[in-house]
Amino acid sequence: MTSSAPESTPLADTEADLPTPAADPSPAPGRKRPRPGERRVQILQTLASMLEQPGADRITTAALAARLEVSEAALYRHFASKAQMFEGLIDFIEQSVFSLINQLGEREPDPLQRCRKLVALLLQFGEKNPGMTRVMVGDALVFENDRLQQRMNQFFDKIEAALRQDLREAATIAGTATPTVDAQADASTLTAFCVGRLQRYARSGFRRLPAEGIEHSLVRLLPTAPL
């Protein structure tokens, strides 16, 4: 059987909703003040940018306000709490990744190919958005509200469910004796692989790319899948 690398998901698609803020967010004389929605996006983009710094300590609202050159009170005009700011980042992660997964489901008829491409797009998303990766693996949430970590746990539960569905379909097509059991075990393994790669990326100071050697890894993890 001839193998080829899984089709890559365009990385540009993963950060279109959070534009880079202007270098000086404070309104200059004669310049219109940003509208509330624009300032909200600006705050989230700056928070994500601060999370991209290797070895960054816990980010305080004071540090975030200083980076934006606004007061802490100005932050709270757009977000009720810092937890709500992190929820904004989690919303972006969920919307971006699951939108890509839905597109994959519409365009790729082969269930094993969908699994391979799902793993690839998740790791590519993390690679392109290092600040978001720290949120995804929980490093940025250690001292924050517990519900934030619960949301990220649910995110990976949904990833595992999507993989399990595709793997069960593939196993049924292949005529295996225990398609449900096999799919559960394989989906759990693939999800753990993704989490591990993203954790390594965050904890290496973003030096160890999560998608490195992905073709070889997927051949090992899904050896019967045609690439």
Working to the nearest 0.5 Å, report the span between [atom1] of [X] and [atom2] of [Y].
{"X": "Arg58", "Y": "Leu141", "atom1": "CZ", "atom2": "CG", "value": "11.0 Å"}
{"X": "Arg168", "Y": "Thr176", "atom1": "CZ", "atom2": "OG1", "value": "9.0 Å"}
{"X": "Gln124", "Y": "Asn129", "atom1": "CD", "atom2": "CG", "value": "11.5 Å"}
{"X": "Glu127", "Y": "Leu122", "atom1": "CD", "atom2": "CG", "value": "11.5 Å"}
{"X": "Leu167", "Y": "Leu112", "atom1": "CG", "atom2": "CG", "value": "6.5 Å"}

ask   = Between Phe98 and Leu163, is there a shared hydrophobic cluster once you connect ILVMFWY residues whose side-chain heavy atoms come closer than 4.5 Å?
value = yes
Tell me if a side-chain donor or acceptor on [X] pairs with a main-chain N or O of [Y] at a distance below 3.5 Å.
{"X": "Ser204", "Y": "Tyr201", "value": "yes"}
{"X": "Tyr76", "Y": "Ser81", "value": "no"}
{"X": "Arg114", "Y": "Asp166", "value": "no"}
{"X": "Arg107", "Y": "Asn102", "value": "no"}
{"X": "Ser217", "Y": "Gly213", "value": "yes"}
{"X": "Ser71", "Y": "Ala74", "value": "yes"}
{"X": "Thr61", "Y": "Glu72", "value": "no"}
{"X": "Lys158", "Y": "Asn153", "value": "no"}

Does [X] pair with [Y] as a salt bridge, N-O distance under 4.0 Å?
{"X": "Arg164", "Y": "Glu169", "value": "no"}
{"X": "Arg134", "Y": "Glu52", "value": "no"}
{"X": "Asp146", "Y": "Arg151", "value": "no"}

inquiry  = As a quick check of understanding, evaluate side chain to side chain donor-acceptor pair (under 3.5 Å) for Gln113 and Arg116, giving each step before the final call.
reply    = CA-CA 5 Å; Gln113 283 279 41; Arg116 285 174 172 265; 5.2 Å; no
message = Does Gln165 have more than 12 heavy atoms from other residues, nucleotides or ligands lying within 6.0 Å of its CD?
response = no
query = Any side-chain heavy-atom pair from Met50 and Thr46 closer than 4.5 angstrom?
reply = yes
